[in-house]
Amino acid sequence: EAGVTQFPSHSVIEKGQTVTLRCDPISGHDNLYWYRRVMGKEIKFLLHFVKESKQDESGMPNNRFLAERTGGTYSTLKVQPAELEDSGVYFCASSQDPNWGGREQYFGPGTRLTVT
Amino acid sequence: GESVGLHLPTLSVQEGDNSIINCAYSNSASDYFIWYKQESGKGPQFIIDIRSNMDKRQGQRVTVLLNKTVKHLSLQIAATQPGDSAVYFCAEKLNSWGKLQFGAGTQVVVTP
């Protein structure tokens, strides 16, 4: 069974440009999470989807970030316009049952975003 | 892959020695904690977890200790191997939907 996949693996863009990150969760997983790690700091929660609905978006930093999960399958995270402080690694995770927490959350390899 | 954060605490361990990685968590109401391992270019990988009604849990070569009084977690790795070189994160589950809050991470470097 394929794990969580993310595309692209690395993106370099200029300040002010737009970037869209994609996450494909494990098939059948209703729960999808986005996290990010800014260099040298901890991994921070961004938001959580249950199927196509946003369950919790309390970690989204500002309105330059837009996450979607149309159809409840893959998800996209768009940053528009990108700023220098958006640089970091964006992780996606999915789980079938969220109640067991970390054991059941499977992480993708991440997308490394560099804003210059 | 992802490069190591410039300000990550680093633990250098000789191969074969035991490693102890420490973590302080923030929420006294958290009831579930996890240790993750992240290798370069990969996402966090589950190592071991512990519920708040326990103070110790053992896995294969790893032990997690929980001290709720001082909100402290530790991960012990026995007989550290080169393949254990990675960044280790502790995390606490903040709600029933699986929202995780991570610690800053510790870089473990295993030397021969």
Side-chain angles (χ1 to χ4, degrees), chain A residues 3-6 9-11 23-26 29-51 53-60 87-114, chain B residues 1-10 21 23-27 29-52 54 57 59 62 64 66 73 75 86-107:
Chain A
V4 177
T5 57
Q6 293 186 244
S9 57
H10 192 187
S11 179
C23 168
D24 285 77
I26 293 172
H29 282 192
D30 288 340
N31 298 279
L32 188 150
Y33 307 82
W34 282 98
Y35 296 87
R36 77 170 177 177
R37 183 179 178 216
V38 173
M39 287 303 181
K41 297 191 176 179
E42 68 271 25
I43 299 171
K44 283 198 170 182
F45 169 86
L46 295 178
L47 87 159
H48 168 214
F49 283 100
V50 178
K51 297 185 180 178
S53 300
K54 291 175 186 174
Q55 174 65 32
D56 181 353
E57 52 183 331
S58 61
M60 294 289 264
S87 295
V89 182
Y90 290 76
F91 293 105
C92 175
S94 73
S95 74
Q96 199 164 36
D97 179 357
N99 289 324
W100 294 101
R103 180 185 287 273
E104 302 298 331
Q105 281 191 37
Y106 298 89
F107 280 78
T111 293
R112 184 179 180 188
L113 175 64
T114 302
Chain B
E2 180 192 0
S3 62
V4 174
L6 293 177
H7 303 290
L8 266 184
T10 300
I21 307 163
C23 175
Y25 63 91
S26 59
N27 189 348
S30 292
D31 63 358
Y32 180 71
F33 306 88
I34 315 105
W35 279 99
Y36 283 94
K37 173 185 181 183
Q38 188 192 358
E39 297 172 280
S40 183
K42 298 182 180 179
Q45 182 182 12
F46 173 91
I47 302 174
I48 191 169
D49 57 0
I50 188 167
R51 295 190 178 278
S52 59
M54 304 171 70
R57 189 155 189 244
V62 294
V64 55
L66 174 63
L73 271 173
L75 178 70
V87 178
Y88 290 80
F89 294 95
C90 65
E92 57 185 306
K93 191 175 78 158
L94 295 183
N95 62 26
S96 61
W97 290 100
K99 178 180 180 179
L100 299 177
Q101 179 165 290
F102 286 80
T106 298
Q107 174 78 49

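The chains referred to below are lettered A, B, ... by the order of the sequence lines, with proteins before strands, and numbering in each begins at 1.
Scanning both residues, B:Gly41 and A:Pro109, for their nearest heavy atoms gives O-CB, 3.8 Å. The two residues A:Glu42 and B:Ala104 make their nearest non-hydrogen contact at CB-CA, 3.7 Å. Across every non-hydrogen atom of A:Phe91 and B:Gln38, the tightest pair is CZ-NE2, 3.1 Å.
Inter-residue side-chain proximity for B:Phe89 and A:Ile43 is flagged as met; some heavy-atom pair is nearer than 4.5 Å.
More than 12 heavy atoms of other residues, nucleotides or ligands shown are found within 6.0 angstrom of NZ on A:Lys54.
How far CH2 of B:Trp97 is from NE2 of A:His48: 6.5 Å, rounded to the nearest 0.5 Å.
Ring geometry for A:Tyr35 against B:Phe102 counts as perpendicular: the plane angle is over 60°, on a 0 to 90° scale with 30° as the lower cut.
In this structure a side-chain-to-backbone donor-acceptor pair under 3.5 Å is present from A:Gln105 to B:Gly98.
If you measure heavy-atom distances from A:Val4 to chain B, you find no contacts under 4.5 Å at all.
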